[in-house]
Amino acid sequence: MRTRESSLVRGDTEFHRLLETLPAGAYTCDPDGLITYFNNHALELWGRAPKLNDPIDRFCGSFRLFAADGRAIPHDECWMARALRTETEFNGHEIVIERPDGQRRTVLAHANPIRDGSGKVLGAVNVLVDITDRKHAEDALTIADRSKNEFLAILAHELRNPLAPIRNAVEILNREGALAPDSQWALFAIERQVRQMARLIDDLVDVARITSNRLELRKEGVDLTSVLRSAIETTQSLVKAGGQEFTVVLPEAAIEVDADPIRLAQAVSNLLHNAAKYTERGGCIWLIAERSGDAATITVRDTGVGIPAAVLPHVFEMFTQGEQVRARTFGGLGIGLTLVKRLVEMHGGTIAAESAGQDKGSTFVIRLPVRAGTSGSLQAQPEVQRMSPPALRMLIVDDNRDAADSLAMLLRTTGNEIRTAYDGVEALQVAGEFRPEVVLLDIGLPKIDGHEVARRLRREPWGQRICLIAVTGWSDESDRARSRAAGFDHHLVKPLDTAHLAQLLDSVERSARG
(Lines give C-alpha, C1' and ligand atoms only; values in the text may rest on other atoms or scores of the structure.)
Protein backbone atom coordinates (compact mmCIF):
# COMPACT_ATOMS: atom_id res chain seq x y z
CA MET A 1 0.00 0.00 0.00
CA ARG A 2 1.28 3.46 -0.92
CA THR A 3 2.32 5.97 1.75
CA ARG A 4 -0.05 8.91 1.32
CA GLU A 5 1.23 12.37 2.19
CA SER A 6 -1.63 14.79 1.72
CA SER A 7 -4.81 15.35 3.66
CA LEU A 8 -6.68 14.73 0.39
CA VAL A 9 -5.17 11.29 -0.07
CA ARG A 10 -5.42 10.43 3.66
CA GLY A 11 -9.09 11.29 3.57
CA ASP A 12 -10.23 14.77 4.43
CA THR A 13 -13.58 14.00 6.03
CA GLU A 14 -14.84 17.57 5.76
CA PHE A 15 -14.02 17.64 2.06
CA HIS A 16 -15.67 14.26 1.55
CA ARG A 17 -18.83 15.44 3.29
CA LEU A 18 -18.89 18.33 0.85
CA LEU A 19 -18.60 15.96 -2.12
CA GLU A 20 -21.47 13.86 -0.75
CA THR A 21 -23.77 16.89 -0.95
CA LEU A 22 -23.16 17.34 -4.68
CA PRO A 23 -26.06 16.28 -6.97
CA ALA A 24 -23.50 14.57 -9.22
CA GLY A 25 -20.94 11.79 -9.17
CA ALA A 26 -17.71 12.94 -7.49
CA TYR A 27 -14.48 11.19 -6.66
CA THR A 28 -10.84 11.97 -5.94
CA CYS A 29 -7.60 10.46 -7.16
CA ASP A 30 -3.94 10.77 -6.32
CA PRO A 31 -1.27 12.11 -8.75
CA ASP A 32 -1.00 8.67 -10.39
CA GLY A 33 -4.73 8.38 -11.05
CA LEU A 34 -5.50 5.88 -8.27
CA ILE A 35 -9.01 6.47 -6.90
CA THR A 36 -8.95 7.51 -3.25
CA TYR A 37 -12.60 8.37 -2.61
CA PHE A 38 -16.02 8.39 -4.37
CA ASN A 39 -19.50 9.50 -3.34
CA ASN A 40 -22.80 7.64 -3.67
CA HIS A 41 -23.78 9.37 -6.92
CA ALA A 42 -20.57 8.12 -8.53
CA LEU A 43 -21.38 4.61 -7.33
CA GLU A 44 -24.83 4.85 -8.96
CA LEU A 45 -23.27 5.97 -12.23
CA TRP A 46 -20.60 3.27 -12.28
CA GLY A 47 -22.88 0.44 -11.18
CA ARG A 48 -20.24 -0.99 -8.89
CA ALA A 49 -17.63 0.24 -6.43
CA PRO A 50 -14.10 0.60 -7.79
CA LYS A 51 -11.20 -0.56 -5.65
CA LEU A 52 -9.53 2.29 -3.81
CA ASN A 53 -5.81 2.75 -4.44
CA ASP A 54 -5.80 -0.30 -6.75
CA PRO A 55 -3.94 -0.05 -10.09
CA ILE A 56 -6.69 -2.04 -11.83
CA ASP A 57 -9.00 0.93 -11.35
CA ARG A 58 -6.38 3.55 -12.19
CA PHE A 59 -8.15 6.23 -14.28
CA CYS A 60 -11.36 4.15 -13.89
CA GLY A 61 -9.57 1.39 -15.77
CA SER A 62 -12.19 -1.32 -15.17
CA PHE A 63 -14.93 0.79 -16.83
CA ARG A 64 -15.31 1.15 -20.59
CA LEU A 65 -15.30 4.77 -21.74
CA PHE A 66 -16.54 6.22 -25.02
CA ALA A 67 -16.63 9.62 -26.68
CA ALA A 68 -19.98 11.10 -27.76
CA ASP A 69 -19.38 9.82 -31.31
CA GLY A 70 -18.97 6.23 -30.05
CA ARG A 71 -15.19 6.11 -30.27
CA ALA A 72 -13.54 4.18 -27.43
CA ILE A 73 -11.41 6.35 -25.12
CA PRO A 74 -8.11 4.88 -23.84
CA HIS A 75 -8.00 5.32 -20.08
CA ASP A 76 -4.70 7.14 -20.14
CA GLU A 77 -6.42 9.72 -22.40
CA CYS A 78 -9.50 10.22 -20.21
CA TRP A 79 -10.40 13.57 -18.63
CA MET A 80 -8.73 12.69 -15.34
CA ALA A 81 -5.43 11.62 -16.94
CA ARG A 82 -5.33 14.74 -19.13
CA ALA A 83 -5.99 17.03 -16.18
CA LEU A 84 -3.19 15.43 -14.16
CA ARG A 85 -0.76 15.35 -17.09
CA THR A 86 -1.29 18.98 -18.09
CA GLU A 87 -1.97 20.18 -14.51
CA THR A 88 -4.92 22.18 -15.87
CA GLU A 89 -8.68 21.99 -15.56
CA PHE A 90 -10.57 19.77 -17.97
CA ASN A 91 -14.27 20.66 -17.90
CA GLY A 92 -17.54 19.87 -19.61
CA HIS A 93 -16.49 17.09 -21.97
CA GLU A 94 -19.24 14.64 -22.96
CA ILE A 95 -18.33 11.06 -22.04
CA VAL A 96 -20.23 7.76 -22.17
CA ILE A 97 -19.59 5.28 -19.34
CA GLU A 98 -20.51 1.62 -19.85
CA ARG A 99 -21.52 -0.05 -16.58
CA PRO A 100 -20.82 -3.73 -15.81
CA ASP A 101 -24.46 -4.57 -16.64
CA GLY A 102 -24.02 -3.10 -20.14
CA GLN A 103 -26.07 0.02 -19.46
CA ARG A 104 -24.52 3.23 -20.73
CA ARG A 105 -24.71 6.60 -19.01
CA THR A 106 -23.82 9.89 -20.68
CA VAL A 107 -22.06 12.40 -18.45
CA LEU A 108 -20.34 15.75 -18.58
CA ALA A 109 -16.90 15.09 -17.10
CA HIS A 110 -14.97 17.68 -15.12
CA ALA A 111 -11.48 17.24 -13.63
CA ASN A 112 -9.65 19.82 -11.51
CA PRO A 113 -6.13 19.34 -10.12
CA ILE A 114 -5.71 19.98 -6.39
CA ARG A 115 -2.48 21.55 -5.17
CA ASP A 116 -0.84 22.08 -1.82
CA GLY A 117 0.38 25.43 -0.55
CA SER A 118 3.51 25.26 -2.70
CA GLY A 119 1.56 24.54 -5.89
CA LYS A 120 2.44 20.85 -6.09
CA VAL A 121 -0.31 18.69 -7.62
CA LEU A 122 -1.65 16.32 -4.94
CA GLY A 123 -4.29 14.71 -7.14
CA ALA A 124 -7.56 15.73 -8.66
CA VAL A 125 -11.23 16.02 -7.84
CA ASN A 126 -13.47 14.70 -10.60
CA VAL A 127 -17.18 15.41 -11.13
CA LEU A 128 -19.54 13.49 -13.43
CA VAL A 129 -22.86 15.21 -14.21
CA ASP A 130 -25.35 12.66 -15.48
CA ILE A 131 -27.10 13.98 -18.63
CA THR A 132 -28.44 10.63 -19.84
CA ASP A 133 -32.09 11.60 -19.51
CA ARG A 134 -31.47 14.91 -21.26
CA LYS A 135 -29.69 13.13 -24.12
CA HIS A 136 -32.58 10.68 -24.45
CA ALA A 137 -35.00 13.62 -24.59
CA GLU A 138 -32.87 15.35 -27.22
CA ASP A 139 -32.72 12.16 -29.28
CA ALA A 140 -36.48 11.77 -28.99
CA LEU A 141 -36.96 15.36 -30.14
CA THR A 142 -34.60 14.79 -33.07
CA ILE A 143 -36.50 11.68 -34.10
CA ALA A 144 -39.82 13.47 -33.68
CA ASP A 145 -38.59 16.42 -35.75
CA ARG A 146 -37.35 14.10 -38.49
CA SER A 147 -40.66 12.23 -38.45
CA LYS A 148 -42.54 15.53 -38.63
CA ASN A 149 -40.53 16.65 -41.64
CA GLU A 150 -41.02 13.31 -43.36
CA PHE A 151 -44.75 13.48 -42.67
CA LEU A 152 -44.98 17.03 -44.06
CA ALA A 153 -43.10 15.99 -47.18
CA ILE A 154 -45.44 13.04 -47.74
CA LEU A 155 -48.49 15.19 -46.97
CA ALA A 156 -47.34 17.84 -49.44
CA HIS A 157 -46.75 15.19 -52.10
CA GLU A 158 -50.18 13.62 -51.61
CA LEU A 159 -51.96 16.99 -51.62
CA ARG A 160 -50.13 18.26 -54.70
CA ASN A 161 -51.10 15.24 -56.78
CA PRO A 162 -54.86 15.97 -56.90
CA LEU A 163 -54.19 19.69 -57.37
CA ALA A 164 -52.35 19.00 -60.64
CA PRO A 165 -55.33 17.78 -62.71
CA ILE A 166 -57.55 20.48 -61.17
CA ARG A 167 -55.20 23.23 -62.33
CA ASN A 168 -54.85 21.58 -65.74
CA ALA A 169 -58.63 21.38 -66.08
CA VAL A 170 -58.95 25.08 -65.21
CA GLU A 171 -56.38 25.95 -67.89
CA ILE A 172 -58.26 23.85 -70.44
CA LEU A 173 -61.57 25.53 -69.65
CA ASN A 174 -59.90 28.95 -69.86
CA ARG A 175 -59.04 28.11 -73.46
CA GLU A 176 -62.62 27.27 -74.35
CA GLY A 177 -63.45 30.91 -75.07
CA ALA A 178 -66.57 32.69 -73.92
CA LEU A 179 -68.29 31.16 -70.91
CA ALA A 180 -71.48 32.12 -69.16
CA PRO A 181 -70.83 34.65 -66.34
CA ASP A 182 -71.67 32.13 -63.64
CA SER A 183 -69.36 29.52 -65.22
CA GLN A 184 -66.57 32.07 -65.55
CA TRP A 185 -66.95 33.06 -61.89
CA ALA A 186 -66.86 29.39 -60.84
CA LEU A 187 -63.72 28.87 -62.91
CA PHE A 188 -61.97 31.84 -61.33
CA ALA A 189 -63.00 30.64 -57.87
CA ILE A 190 -61.50 27.21 -58.50
CA GLU A 191 -58.28 28.74 -59.76
CA ARG A 192 -57.98 31.02 -56.73
CA GLN A 193 -58.55 28.17 -54.30
CA VAL A 194 -56.04 25.94 -56.07
CA ARG A 195 -53.44 28.70 -55.80
CA GLN A 196 -54.28 29.17 -52.12
CA MET A 197 -53.98 25.45 -51.44
CA ALA A 198 -50.64 25.30 -53.25
CA ARG A 199 -49.40 28.30 -51.25
CA LEU A 200 -50.34 26.69 -47.92
CA ILE A 201 -48.54 23.50 -48.89
CA ASP A 202 -45.43 25.41 -49.93
CA ASP A 203 -45.44 27.43 -46.69
CA LEU A 204 -45.65 24.29 -44.57
CA VAL A 205 -42.76 22.64 -46.36
CA ASP A 206 -40.63 25.81 -46.40
CA VAL A 207 -41.04 26.44 -42.68
CA ALA A 208 -40.01 22.84 -41.99
CA ARG A 209 -36.94 23.35 -44.18
CA ILE A 210 -35.95 26.58 -42.47
CA THR A 211 -36.37 25.26 -38.92
CA SER A 212 -34.24 22.25 -39.91
CA ASN A 213 -31.63 24.45 -41.63
CA ARG A 214 -32.28 22.70 -44.93
CA LEU A 215 -33.32 25.70 -47.02
CA GLU A 216 -30.52 27.10 -49.13
CA LEU A 217 -30.67 30.41 -50.99
CA ARG A 218 -29.34 30.74 -54.54
CA LYS A 219 -28.24 34.34 -54.42
CA GLU A 220 -27.31 36.49 -57.38
CA GLY A 221 -27.30 40.17 -58.25
CA VAL A 222 -30.89 41.01 -59.18
CA ASP A 223 -32.86 44.15 -59.89
CA LEU A 224 -35.29 44.64 -57.03
CA THR A 225 -37.99 45.87 -59.44
CA SER A 226 -37.99 42.57 -61.34
CA VAL A 227 -38.40 40.67 -58.05
CA LEU A 228 -41.31 42.88 -57.02
CA ARG A 229 -43.01 42.49 -60.40
CA SER A 230 -42.85 38.72 -59.94
CA ALA A 231 -44.44 39.05 -56.48
CA ILE A 232 -47.17 41.30 -57.90
CA GLU A 233 -47.97 38.82 -60.65
CA THR A 234 -48.32 36.06 -58.09
CA THR A 235 -50.87 37.96 -55.99
CA GLN A 236 -52.65 40.29 -58.41
CA SER A 237 -55.53 37.85 -59.01
CA LEU A 238 -56.22 37.73 -55.26
CA VAL A 239 -56.15 41.52 -54.99
CA LYS A 240 -58.46 41.82 -57.98
CA ALA A 241 -60.89 39.31 -56.50
CA GLY A 242 -60.83 41.13 -53.15
CA GLY A 243 -61.85 44.42 -54.73
CA GLN A 244 -59.08 46.49 -53.15
CA GLU A 245 -57.35 49.51 -54.66
CA PHE A 246 -53.75 48.48 -55.26
CA THR A 247 -51.06 51.16 -55.60
CA VAL A 248 -47.53 50.25 -56.66
CA VAL A 249 -44.60 52.68 -56.46
CA LEU A 250 -41.36 51.28 -57.89
CA PRO A 251 -37.99 53.06 -58.06
CA GLU A 252 -37.04 54.79 -61.30
CA ALA A 253 -33.39 53.75 -61.05
CA ALA A 254 -32.40 50.11 -60.69
CA ILE A 255 -31.64 48.88 -57.17
CA GLU A 256 -29.45 45.80 -57.19
CA VAL A 257 -29.61 43.42 -54.24
CA ASP A 258 -27.82 40.16 -53.56
CA ALA A 259 -30.77 37.80 -53.34
CA ASP A 260 -32.44 34.59 -54.34
CA PRO A 261 -35.07 36.15 -56.64
CA ILE A 262 -37.59 33.35 -56.15
CA ARG A 263 -37.38 33.37 -52.34
CA LEU A 264 -37.37 37.15 -52.04
CA ALA A 265 -40.40 37.38 -54.33
CA GLN A 266 -42.04 34.72 -52.16
CA ALA A 267 -41.52 36.86 -49.03
CA VAL A 268 -43.04 39.95 -50.65
CA SER A 269 -45.94 38.04 -52.20
CA ASN A 270 -46.74 36.58 -48.77
CA LEU A 271 -47.04 40.12 -47.39
CA LEU A 272 -49.25 41.16 -50.31
CA HIS A 273 -51.31 38.02 -49.87
CA ASN A 274 -51.88 38.85 -46.20
CA ALA A 275 -52.75 42.45 -47.05
CA ALA A 276 -55.37 41.32 -49.58
CA LYS A 277 -56.79 38.70 -47.23
CA TYR A 278 -57.13 41.05 -44.26
CA THR A 279 -58.30 44.18 -46.09
CA GLU A 280 -61.99 44.76 -46.74
CA ARG A 281 -63.43 45.23 -50.23
CA GLY A 282 -62.89 48.83 -51.29
CA GLY A 283 -59.86 49.18 -49.01
CA CYS A 284 -56.37 50.16 -50.10
CA ILE A 285 -53.06 48.32 -50.41
CA TRP A 286 -49.70 49.94 -51.19
CA LEU A 287 -46.43 48.41 -52.32
CA ILE A 288 -43.60 50.95 -52.22
CA ALA A 289 -39.93 50.32 -52.95
CA GLU A 290 -37.14 52.86 -52.61
CA ARG A 291 -33.49 53.22 -51.77
CA SER A 292 -32.52 54.66 -48.40
CA GLY A 293 -28.74 55.09 -48.24
CA ASP A 294 -27.16 51.65 -48.41
CA ALA A 295 -30.47 49.85 -47.92
CA ALA A 296 -33.39 48.98 -50.15
CA THR A 297 -36.73 49.48 -48.42
CA ILE A 298 -39.88 47.55 -49.36
CA THR A 299 -43.08 48.70 -47.68
CA VAL A 300 -46.41 46.85 -47.80
CA ARG A 301 -49.22 48.88 -46.22
CA ASP A 302 -52.96 48.31 -46.03
CA THR A 303 -56.14 49.73 -44.50
CA GLY A 304 -57.26 46.34 -43.23
CA VAL A 305 -58.05 44.77 -39.86
CA GLY A 306 -54.83 45.94 -38.23
CA ILE A 307 -52.93 44.27 -35.41
CA PRO A 308 -53.86 44.70 -31.72
CA ALA A 309 -51.09 46.00 -29.49
CA ALA A 310 -50.99 42.74 -27.52
CA VAL A 311 -50.40 40.71 -30.70
CA LEU A 312 -47.93 43.05 -32.44
CA PRO A 313 -44.77 41.90 -30.55
CA HIS A 314 -45.55 38.28 -31.45
CA VAL A 315 -46.78 38.70 -35.01
CA PHE A 316 -43.75 36.92 -36.54
CA GLU A 317 -43.96 33.93 -34.20
CA MET A 318 -45.13 30.56 -35.46
CA PHE A 319 -48.91 29.99 -35.44
CA THR A 320 -49.64 33.49 -34.10
CA GLN A 321 -53.07 34.80 -35.06
CA GLY A 322 -54.96 37.51 -33.23
CA GLU A 323 -58.36 36.79 -31.74
CA GLN A 324 -59.95 39.20 -34.19
CA VAL A 325 -58.52 37.13 -37.04
CA ARG A 326 -59.99 33.90 -35.70
CA ALA A 327 -63.33 35.58 -35.13
CA ARG A 328 -63.49 36.73 -38.76
CA THR A 329 -62.41 33.30 -40.05
CA PHE A 330 -59.82 34.54 -42.52
CA GLY A 331 -58.17 31.12 -42.43
CA GLY A 332 -54.49 30.33 -42.77
CA LEU A 333 -52.02 28.46 -40.62
CA GLY A 334 -50.33 31.37 -38.88
CA ILE A 335 -46.95 30.57 -40.46
CA GLY A 336 -46.83 33.05 -43.36
CA LEU A 337 -45.20 35.91 -41.43
CA THR A 338 -42.81 33.51 -39.72
CA LEU A 339 -41.68 32.37 -43.15
CA VAL A 340 -41.32 35.97 -44.37
CA LYS A 341 -39.15 36.91 -41.39
CA ARG A 342 -36.88 33.90 -41.82
CA LEU A 343 -36.47 34.50 -45.55
CA VAL A 344 -35.70 38.20 -45.06
CA GLU A 345 -33.13 37.43 -42.35
CA MET A 346 -31.50 34.80 -44.58
CA HIS A 347 -30.98 37.66 -47.07
CA GLY A 348 -29.23 39.72 -44.39
CA GLY A 349 -32.23 42.00 -43.97
CA THR A 350 -34.76 42.98 -41.33
CA ILE A 351 -38.53 43.27 -41.21
CA ALA A 352 -40.70 45.31 -38.87
CA ALA A 353 -44.45 45.45 -38.33
CA GLU A 354 -46.45 48.53 -37.39
CA SER A 355 -50.13 49.05 -36.65
CA ALA A 356 -52.19 51.63 -34.76
CA GLY A 357 -54.47 48.84 -33.58
CA GLN A 358 -57.49 46.83 -34.59
CA ASP A 359 -59.21 48.04 -37.79
CA LYS A 360 -56.50 50.66 -38.37
CA GLY A 361 -54.43 48.89 -40.98
CA SER A 362 -50.94 47.41 -40.94
CA THR A 363 -47.54 48.29 -42.33
CA PHE A 364 -44.65 45.88 -42.92
CA VAL A 365 -41.22 47.27 -43.81
CA ILE A 366 -38.41 45.13 -45.23
CA ARG A 367 -34.88 46.56 -45.30
CA LEU A 368 -32.25 44.80 -47.43
CA PRO A 369 -28.60 45.73 -48.00
CA VAL A 370 -27.94 47.12 -51.48
CA ARG A 371 -25.33 45.17 -53.38
CA ALA A 372 -21.94 46.87 -53.43
CA GLY A 373 -21.09 48.57 -56.71
CA THR A 374 -24.68 49.01 -57.89
CA SER A 375 -24.63 51.31 -60.90
CA GLY A 376 -28.35 51.78 -61.44
CA SER A 377 -28.04 50.62 -65.04
CA LEU A 378 -29.25 47.02 -64.87
CA GLN A 379 -31.14 45.84 -67.90
CA ALA A 380 -34.85 45.23 -67.50
CA GLN A 381 -35.83 41.62 -67.07
CA PRO A 382 -38.00 40.03 -69.78
CA GLU A 383 -41.67 39.65 -69.01
CA VAL A 384 -42.87 36.20 -67.96
CA GLN A 385 -44.54 34.41 -70.85
CA ARG A 386 -48.02 32.99 -70.53
CA MET A 387 -48.89 29.41 -71.47
CA SER A 388 -48.37 29.10 -75.22
CA PRO A 389 -46.12 26.07 -75.70
CA PRO A 390 -44.63 25.26 -79.10
CA ALA A 391 -45.44 22.13 -81.13
CA LEU A 392 -43.31 19.23 -79.90
CA ARG A 393 -43.46 15.45 -79.58
CA MET A 394 -44.09 14.88 -75.88
CA LEU A 395 -44.57 11.86 -73.66
CA ILE A 396 -46.47 12.39 -70.41
CA VAL A 397 -46.00 9.73 -67.72
CA ASP A 398 -48.04 9.70 -64.50
CA ASP A 399 -49.83 6.95 -62.61
CA ASN A 400 -52.49 9.53 -61.70
CA ARG A 401 -54.52 9.19 -64.89
CA ASP A 402 -56.40 12.43 -64.33
CA ALA A 403 -53.12 14.31 -64.04
CA ALA A 404 -51.63 12.68 -67.16
CA ASP A 405 -54.77 12.99 -69.30
CA SER A 406 -55.57 16.57 -68.31
CA LEU A 407 -51.99 17.72 -69.00
CA ALA A 408 -52.07 15.88 -72.33
CA MET A 409 -55.34 17.57 -73.25
CA LEU A 410 -53.93 20.97 -72.30
CA LEU A 411 -50.74 20.57 -74.34
CA ARG A 412 -52.60 19.22 -77.38
CA THR A 413 -54.53 22.48 -77.64
CA THR A 414 -51.41 24.20 -79.02
CA GLY A 415 -50.60 21.56 -81.62
CA ASN A 416 -48.25 19.26 -79.71
CA GLU A 417 -48.15 15.56 -80.53
CA ILE A 418 -48.78 13.77 -77.24
CA ARG A 419 -48.54 10.22 -75.95
CA THR A 420 -49.31 9.11 -72.39
CA ALA A 421 -48.15 6.26 -70.16
CA TYR A 422 -49.24 5.31 -66.66
CA ASP A 423 -46.32 3.25 -65.29
CA GLY A 424 -42.59 2.94 -65.77
CA VAL A 425 -42.62 -0.12 -68.01
CA GLU A 426 -45.20 1.40 -70.36
CA ALA A 427 -43.21 4.66 -70.40
CA LEU A 428 -40.10 2.88 -71.72
CA GLN A 429 -42.12 0.99 -74.34
CA VAL A 430 -43.90 4.10 -75.62
CA ALA A 431 -40.71 6.17 -75.60
CA GLY A 432 -38.88 3.53 -77.64
CA GLU A 433 -41.57 3.62 -80.32
CA PHE A 434 -42.49 7.32 -80.22
CA ARG A 435 -39.01 8.86 -79.74
CA PRO A 436 -40.31 12.01 -77.96
CA GLU A 437 -38.44 15.28 -77.80
CA VAL A 438 -39.76 15.99 -74.29
CA VAL A 439 -40.74 13.59 -71.49
CA LEU A 440 -42.79 14.93 -68.58
CA LEU A 441 -42.17 12.20 -66.04
CA ASP A 442 -43.62 11.56 -62.60
CA ILE A 443 -41.23 10.08 -60.02
CA GLY A 444 -43.46 7.79 -57.93
CA LEU A 445 -44.44 5.34 -60.66
CA PRO A 446 -45.46 1.68 -60.28
CA LYS A 447 -43.32 -1.16 -61.67
CA ILE A 448 -40.30 1.11 -62.37
CA ASP A 449 -39.95 4.49 -60.68
CA GLY A 450 -39.25 7.71 -62.56
CA HIS A 451 -35.58 7.88 -61.60
CA GLU A 452 -34.90 4.46 -63.11
CA VAL A 453 -36.96 5.32 -66.21
CA ALA A 454 -34.82 8.44 -66.65
CA ARG A 455 -31.58 6.50 -66.27
CA ARG A 456 -32.67 3.89 -68.83
CA LEU A 457 -33.77 6.54 -71.31
CA ARG A 458 -30.41 8.29 -71.00
CA ARG A 459 -28.63 5.04 -71.86
CA GLU A 460 -30.32 4.96 -75.26
CA PRO A 461 -28.48 6.82 -78.06
CA TRP A 462 -31.68 8.69 -78.98
CA GLY A 463 -32.47 9.26 -75.28
CA GLN A 464 -29.44 11.46 -74.71
CA ARG A 465 -31.08 14.29 -76.69
CA ILE A 466 -34.45 14.15 -74.90
CA CYS A 467 -35.46 16.94 -72.53
CA LEU A 468 -36.40 15.10 -69.34
CA ILE A 469 -38.65 17.05 -66.98
CA ALA A 470 -39.56 15.63 -63.58
CA VAL A 471 -43.16 16.49 -62.68
CA THR A 472 -43.66 15.49 -59.06
CA GLY A 473 -45.09 16.31 -55.67
CA TRP A 474 -41.64 15.97 -54.04
CA SER A 475 -40.04 19.40 -53.64
CA ASP A 476 -37.10 19.12 -51.24
CA GLU A 477 -33.59 19.98 -52.39
CA SER A 478 -32.60 16.36 -51.83
CA ASP A 479 -35.38 15.34 -54.24
CA ARG A 480 -34.05 17.78 -56.84
CA ALA A 481 -30.53 16.41 -56.36
CA ARG A 482 -31.76 12.86 -56.97
CA SER A 483 -33.50 14.01 -60.13
CA ARG A 484 -30.32 15.63 -61.43
CA ALA A 485 -28.33 12.51 -60.64
CA ALA A 486 -30.86 10.36 -62.54
CA GLY A 487 -30.47 12.52 -65.67
CA PHE A 488 -33.39 14.96 -65.49
CA ASP A 489 -32.90 18.38 -67.04
CA HIS A 490 -35.59 20.09 -64.92
CA HIS A 491 -37.57 19.38 -61.74
CA LEU A 492 -41.09 20.88 -61.61
CA VAL A 493 -43.42 20.61 -58.62
CA LYS A 494 -47.13 19.89 -58.91
CA PRO A 495 -49.43 21.65 -59.56
CA LEU A 496 -47.51 22.95 -62.57
CA ASP A 497 -46.91 26.62 -63.17
CA THR A 498 -48.01 26.56 -66.79
CA ALA A 499 -46.20 29.81 -67.63
CA HIS A 500 -42.92 28.33 -66.41
CA LEU A 501 -43.58 25.14 -68.37
CA ALA A 502 -44.23 27.25 -71.50
CA GLN A 503 -40.83 28.91 -71.09
CA LEU A 504 -39.08 25.54 -70.77
CA LEU A 505 -40.84 24.11 -73.80
CA ASP A 506 -40.10 27.22 -75.81
CA SER A 507 -36.39 26.84 -75.07
CA VAL A 508 -36.55 23.16 -76.07
CA GLU A 509 -38.27 24.07 -79.34
CA ARG A 510 -35.66 26.74 -80.16
CA SER A 511 -32.85 24.28 -79.42
CA ALA A 512 -34.43 21.48 -81.47
CA ARG A 513 -35.31 23.66 -84.47
CA GLY A 514 -32.19 25.83 -84.31
Side-chain angles (χ1 to χ4, degrees), residues 195 199 202-203 206 217-240 242 244-279 283-304 306-307 312 315-316 336-356 360-384 499:
R195 289 182 180 275
R199 174 183 290 275
D202 289 342
D203 282 356
D206 284 341
L217 299 183
R218 298 179 180 179
K219 291 184 178 181
E220 58 186 84
V222 295
D223 180 7
L224 183 61
T225 295
S226 68
V227 173
L228 297 180
R229 283 177 177 161
S230 177
I232 292 168
E233 182 181 359
T234 302
T235 54
Q236 63 185 357
S237 61
L238 181 64
V239 174
K240 182 179 179 180
Q244 294 103 1
E245 180 182 338
F246 186 27
T247 302
V248 177
V249 181
L250 299 178
E252 294 181 2
I255 301 176
E256 189 178 6
V257 293
D258 191 28
D260 182 325
I262 294 176
R263 293 302 184 180
L264 184 55
Q266 179 184 1
V268 177
S269 65
N270 271 12
L271 292 179
L272 292 173
H273 183 272
N274 271 7
K277 185 166 63 171
Y278 298 133
T279 300
C284 298
I285 299 171
W286 293 267
L287 171 62
I288 303 169
E290 57 188 342
R291 179 165 182 167
S292 302
D294 293 331
T297 302
I298 305 167
T299 302
V300 175
R301 183 160 58 93
D302 63 65
T303 58
I307 307 171
L312 193 59
V315 73
F316 294 110
L337 290 178
T338 301
L339 180 59
V340 171
K341 184 174 188 290
R342 301 285 181 89
L343 288 173
V344 169
E345 289 175 344
M346 290 176 72
H347 282 87
T350 62
I351 182 170
E354 302 172 4
S355 178
K360 295 184 179 180
S362 305
T363 301
F364 291 88
V365 180
I366 295 174
R367 291 177 60 84
L368 297 169
V370 173
R371 197 179 198 203
T374 297
S375 63
S377 59
L378 292 178
Q379 294 182 353
Q381 298 295 316
E383 294 294 324
V384 177

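From a predicted model like this one, the values you see are computed outputs, not experimental measurements. Because only heavy atoms are used, hydrogens play no part in the values below, and waters and symmetry mates are left out as well, while side chains stay in.
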Worksheet item: Got a second to check how far L264's CG is from I298's CD1, nearest 0.5 Å?
Response: 5.5 Å
Worksheet item: Just wondering, do T363 and W286 contact through their side chains at under 4.5 Å, heavy atoms?
Response: no
Discussion item. Does atom CD1 (I262) have a neighbourhood of more than 12 heavy atoms from anything else shown, all under 6.0 Å?
Written reply: no
Worksheet item: Is any side-chain heavy atom of I366 closer than 4.5 Å to a side-chain heavy atom of T350?
Response: no
Worksheet item: With side chains defined as the heavy atoms from C-beta onward, is the minimum distance between V268 and I232 less than 4.5 Å?
Response: no
Item to complete: Specify the closest pair of heavy atoms between L224 and A296, including all atoms of both residues, with the distance to one decimal.
Response: CD2-CB, 3.9 Å
Worksheet item: Just how far is it from atom CD1 of I307 to atom OH of Y278, taken to the nearest 0.5 Å?
Response: 10.0 Å
Discussion item. If you compare all heavy atoms of A265 against all heavy atoms of S230, which two are closest, and at what distance to 0.1 Å?
Written reply: CB-OG, 4.0 Å
Item to complete: Report the C-alpha separation of T247 and I285 in whole Å, then their side-chain angles, then the decisive distance to 0.1 Å, and conclude whether the side-chain contact (heavy atoms from CB on, under 4.5 Å) test is met.
Response: CA-CA 6 Å; T247 302; I285 299 171; over 6 Å; no
Discussion item. Taking the side chain as everything from C-beta on, heavy atoms only, tell me whether L271 gets closer than 4.5 Å to L337.
Written reply: yes
Worksheet item: What distance do L312 atom CG and E354 atom CD have between them, rounded to the nearest 0.5 Å?
Response: 8.5 Å
Fill in: Gap between atom CZ of R301 and atom CD1 of I288 - 0.5 Å precision
5.5 Å
Worksheet item: Do R291 and V370 come close enough that some side-chain heavy atom pair is under 4.5 Å?
Response: yes
Practice prompt. Could you tell me whether E233 and R229 have a side-chain N and a carboxylate O separated by less than 4.0 Å?
Written response: no
Item to complete: Measure the CZ-OG1 distance between R367 and T297 for me, rounded to the nearest 0.5 Å.
Response: 4.5 Å
Worksheet item: Can you check side-chain contact (heavy atoms from CB on, under 4.5 Å) on L272 and V239, steps first, answer last?
Response: CA-CA 8 Å; L272 292 173; V239 174; 5.7 Å; no
Discussion item. Distance check, rounded to the nearest 0.5 Å: T299 atom OG1 versus E290 atom CD?
Written reply: 6.0 Å
Item to complete: Over all heavy atoms of both residues, which pair between Q244 and T279 is shortest? Give the atoms and the distance, please.
Response: NE2-O, 2.7 Å
Item to complete: Indicate the atoms forming the closest heavy-atom contact of F316 with A352, along with that distance.
Response: CZ-C, 4.3 Å
Response to the item:
Minimal heavy-atom distance between S362 and G306, with the atoms involved, is OG-CA, 3.4 Å
Item to complete: Spell out, as yes or no, whether a donor-acceptor pair under 3.5 Å connects the side chain of T303 to the backbone of G361.
Response: no
Discussion item. With a 4.5 Å cut-off on side-chain heavy atoms, are D260 and R218 touching?
Written reply: yes
Item to complete: Report yes or no: does T235 contribute a side-chain atom to a donor-acceptor pair with the main-chain N or O of A231 at less than 3.5 Å?
Response: yes
Worksheet entry | Check: V340 and F364 side chains under 4.5 Å, non-hydrogen atoms | no
Worksheet item: Should we say atom CD of E245 is surrounded by more than 12 heavy atoms from elsewhere, each under 6.0 Å from it?
Response: no
Worksheet entry | Pairwise side-chain contact, V222 with R371, heavy-atom cut-off 4.5 Å (strictly under) | no
Worksheet item: Any idea which heavy atoms bring A267 and V344 closest together, and the distance?
Response: CB-CG2, 4.4 Å
